[in-house]
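Here's the structure, in structure tokens; my notes come after.
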Amino acid sequence: MSNEKLSIQVKDKEFIPYLSEETILARVKNIAVQLSEDFKDKNPVFIAVLNGSFMFAADLMKQLHINSEITFVKLASYIGTQSSGKVLTLLGLDTNVKDRHVIIIEDIIDTGFTLKKFLPVIKANEPKSISICSLLIKPESLQVDIKADYIGFEIPNRFVVGYGLDYDGYGRNLKSIYQLK
Ligand code: IMP
Ligand code: MG
């Protein structure tokens, strides 16, 4: 079957398959194994950044076999397929992370503005450590000096949807990741 046939429509745009469900889940499992080793007996707190990371966070947590907590914050920076550069906190941190090992879970690091803005907020809560775990990163798009500790896939600077990531609110339910055609 050609990619032409497998392409999907999300709102007004066409997307082609990019990372399959199996590929994603295999990588998520790898990361979970790594985290389980690195944070064994450290009782970390995961902070998942909504909305985009919900599916990644759920699959990652299912594969973890260490004591840990998870909480959520909701940040927004995107309008359509463009980063707005402005980061809004729609739901803030409600968990005490003082002296805890914090692991931030993101769906994707694009310009890096979201994390750049969010990191000082976490730091102000005096955690023992902060690590960043992002399913995707677009190295060519990065505009700030952010270093992720755990990365699923480095991808080219092209808009993607699926597995939690949206185009204008749609496409989050897709089991695999699609790239703008
Ligand atoms: P940043 O602040 O530019 O790093 O963007 C971070 C947020 O923008 C991510 O957490 C996503 O929610 C969203 N985003 C960035 N690139 C994409 C994409 O290709 N598809 C869908 N959402 C994206
Ligand atoms: Mg996000």
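Remember, predicted model here, so these are calculated numbers, not experimental data. Throughout, numbering of the chain's residues begins at 1 and tracks the sequence. Note that ligands are numbered from 1 as they come in the structure, with each ligand's atoms numbered from 1 the same way.
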Check: Any nitrogen or oxygen of Leu165, main chain or side chain, under 3.5 Å from a nitrogen or oxygen of ligand 1?
Finding: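 It does not: no N or O of Leu165 is found under 3.5 Å from an N or O of ligand 1.
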Notebook entry, point to check: For ligand 1, is there an N or O atom under 3.5 Å from any N or O atom of Val160?
Noted result: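 For ligand 1, there is an N or O atom that lies under 3.5 Å from one belonging to Val160.
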Distance under 4.0 Å to a non-hydrogen atom of [X]: what atoms of ligand 1 satisfy this?
{"X": "Glu106", "value": "10 (O)"}
{"X": "Asp166", "value": "21 (C)"}
{"X": "Gly112", "value": "1 (P), 3 (O), 4 (O)"}
{"X": "Lys138", "value": "16 (N), 17 (C), 18 (C), 19 (O)"}
{"X": "Thr114", "value": "1 (P), 2 (O), 5 (O), 6 (C)"}

Item checked: Part of Asp107 within contact of ligand 1 (heavy atoms, under 4.0 Å) ->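 The side chain, only.
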Verify, without hydrogens or angle tests, whether [X] (side chain) and [Y] (backbone) share a donor-acceptor contact under 3.5 angstrom.
{"X": "Ser134", "Y": "Leu136", "result": "yes"}
{"X": "Ser53", "Y": "Phe56", "result": "no"}
{"X": "Gln9", "Y": "Lys11", "result": "yes"}
{"X": "Asn125", "Y": "Pro127", "result": "no"}

Check: Where do Asp166 and Val161 come nearest, in terms of heavy atoms and distance?
Finding: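 Heavy atoms only, the tightest pair is C-CG1, 3.7 Å.
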Item checked: SB check Lys116 Asp145 (cutoff 4.0 Å) ->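 Yes, charged N to carboxylate O under 4.0 Å.
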Notebook entry, point to check: Are Glu14 and Lys181 within salt-bridge range, i.e. N to O under 4.0 Å?
Noted result: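 Between Lys181 and Glu14 there is a salt bridge, with a charged N closer than 4.0 Å to a carboxylate O.
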Next item on the list: Could you pull out, from Asp110, Ile108, Thr111, the option with a heavy atom nearest to atom 14 (N) of ligand 1?
Entry: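 Among Asp110, Ile108, Thr111, the closest heavy atom to atom 14 (N) of ligand 1 belongs to Ile108.
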